[in-house]
Asks: 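This is the structure I want to talk about, given as structure tokens.
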Amino acid sequence: MSHLLRKPNKKEIEKGVIVVHEVTSENSPLEYVGFKVIDLDPNAKYSELLGNQECCIVALTGKINVSVGDENFENLGTRESVFEKIPTDSVYVSNQRHFEVEGVTKARVALCYSPSERQLPTKWIKAENVGIEHRGILNNKRFVHNILPDSDPSANSLLVVEVFTESGNWSSYPPHKHDRDNLPNESLLEETYYHEMDPPQGFVFQRVYTDDRSLDETMTVENGDVVIVPKGYHPVGVPDGYTSYYLNVMAGPKRIWKFYNDPDHEWILKR
Ligand SMILES: O=C[C@H](O)[C@@H](O)[C@H](O)CC(=O)O
């Protein structure tokens, strides 16, 4: 199995709190991006004191209460399944802050981390304020919920989006990369993908590769898997009959999303 592919690895860290994924700089090639998925039973609580990291708490499914210091945000979350295809609530938490997430219902929560030195205000990113963006034509159509895009100045380095790709379409396509700190042409952003499939027995193909093919991994990605993208192009293909969801976390030295298309495939955009 590719070293970039992570299958769910459930660990109950206390009653009703299950860590499904944990990607850190210690257990991955990533230096900027960290990522966790946790499942919470009703009334179960997960808490954390952030060091020099910021975190975007995404209510993937179910409802949660979030408290950050003396600020409380209750009944966050808008959907029982990501495939309701509606935006959800998130909370931005800055460095050196303590947060707690409590399950109101059974809930799945994504914790998206990146470096943060300048403490910023805690922010409830309300579902109704999440921008929706339709991209692509022909079999390259997908739509995006911009949870924490680079146009939102609320974070120091963190970028968070979720992407829906329908049956028989491709996304993160034509293949693009953002692995060089070379603005204005390209920015350096590491990335993680948290994937879900509908129906759940489905899979997608994701390739992660570099120009010199020193990295060239093609993965069969299943429901609940995480793919780590330290560098390189990273297209996703969705088989007929299935719908793909993925949550992207990106971060690097500059909080700008400027990607570079693979020249061999850029013609796709000119059809
Ligand atoms: O770099 C960002 C990720 O590849 C996805 O968020 C991608 O941009 C989604 C898409 O537009 O296909």
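Indexing begins at 1, ligand by ligand and atom by atom, following the structure's order. Predicted, not measured: the structure shown is a model, and the values here were computed from it.
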Asks: Tell me whether Glu84 contacts the main-chain N or O of Ser81 through its side chain, where contact means a donor paired with an acceptor under 3.5 Å.
Replies: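 Between the backbone of Ser81 and the side chain of Glu84 there is a qualifying donor-acceptor contact (under 3.5 Å).
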Asks: Let me know which of Lys123, Met250, Arg255 forms a side-chain contact (heavy atoms from CB on, under 4.5 Å) with Leu148.
Replies: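 That would be Arg255; it is the only one of Lys123, Met250, Arg255 passing the side-chain contact (heavy atoms from CB on, under 4.5 Å) with Leu148.
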Asks: Indicate yes or no for a side-chain donor-acceptor contact from Ser47 to the backbone of Glu100 under 3.5 Å, with no hydrogens or angles considered.
Replies: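 No; zero donor-acceptor contacts below 3.5 Å.
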Asks: Of the protein's non-hydrogen atoms, which lies at the shortest distance from atom 8 (O) of ligand 1, and what is that distance?
Replies: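 In this structure, atom 8 (O) of ligand 1 has Trp257 CZ2, 3.2 Å as its nearest protein heavy atom.
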Asks: Shortest non-hydrogen contact from Leu120 to Ser154?
Replies: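 So the minimum-distance heavy-atom pair works out to CD1-O, 3.2 Å.
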Asks: Hey, does Tyr173 come in under 3.5 Å of ligand 1, counting only N/O atoms on both sides?
Replies: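 N/O-N/O distance below 3.5 Å does not exist for this pair.
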Asks: Output the list of atoms in ligand 1 that are nearer than 4.0 Å to some heavy atom of His178, sorted by atom number.
Replies: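 Selected atoms, number and element: 1 (O).
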Asks: On a heavy-atom basis, I'd like to know which of Phe164, Tyr193, Phe259 is closest to atom 4 (O) of ligand 1.
Replies: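 Ranked by closest heavy atom to atom 4 (O) of ligand 1, first place is Tyr193.
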Asks: I need the nearest protein heavy-atom contact for atom 6 (O) of ligand 1: residue, atom name and distance, please.
Replies: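 For atom 6 (O) of ligand 1, the nearest protein heavy atom is Asn248 OD1, 2.7 Å.
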Asks: For ligand 1, which atoms have a heavy atom of Met250 less than 4.0 angstrom away?
Replies: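 Those qualifying, in numeric order: 1 (O), 2 (C).
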Asks: Within 45° of the six-membered ring axis of Trp124 and under 6.0 Å from that ring's centre, is NZ or CZ of Lys126 located there?
Replies: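 Yes.
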Asks: With rounding to the nearest 0.5 Å, note down the distance linking CG in Asp179 to OG1 in Thr210.
Replies: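 Nearest 0.5 Å value for the CG-OG1 distance: 8.0 Å.
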Asks: Among Phe164, Tyr193, Phe35, whose ring pair (Phe, Tyr, Trp, His ring centres under 6.0 Å) with Tyr246 holds?
Replies: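 Of Phe164, Tyr193, Phe35, ring pair (Phe, Tyr, Trp, His ring centres under 6.0 Å) with Tyr246 is met by Tyr193 alone.
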Asks: Here's a test for you: under salt bridge (Lys or Arg N to Asp or Glu O under 4.0 Å), which of Lys231, Lys254, Lys258 qualifies with Asp181?
Replies: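 Option passing the salt bridge (Lys or Arg N to Asp or Glu O under 4.0 Å) with Asp181: Lys254.
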Asks: Which atoms of ligand 1 have any heavy atom of Val161 under 4.0 Å away?
Replies: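 Once the distances to Val161 are compared, the set is 6 (O).
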Asks: Number the atoms of ligand 1 from 1 as they appear, then name those within less than 4.0 Å of a heavy atom of Val163, with their elements.
Replies: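 By the 4.0 Å cutoff, the relevant atoms are 6 (O), 9 (C).
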Asks: If you measure every N/O of Ser171 against every N/O of ligand 1, is any gap under 3.5 Å?
Replies: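 Not met; the criterion fails.
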Asks: Please state which protein non-hydrogen atom is closest to atom 11 (O) of ligand 1 and give its distance, to 0.1 Å?
Replies: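 Nearest protein contact, heavy atoms only, for atom 11 (O) of ligand 1 is Arg135 NH1, 2.5 Å.
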Asks: Please state which protein non-hydrogen atom is closest to atom 7 (C) of ligand 1 and give its distance, to 0.1 Å?
Replies: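 Going by distance alone, atom 7 (C) of ligand 1 is nearest to Ser172 OG, 3.5 Å.
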Asks: In terms of residue, atom name and distance, what is the protein heavy atom nearest to atom 3 (C) of ligand 1?
Replies: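 Scanning the protein heavy atoms, the shortest distance from atom 3 (C) of ligand 1 goes to Glu191 OE2, 3.0 Å.
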Asks: Report, in ascending order of atom number, the atoms of ligand 1 lying under 4.0 Å from any heavy atom of His234.
Replies: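 By the 4.0 Å cutoff, the relevant atoms are 1 (O), 4 (O).
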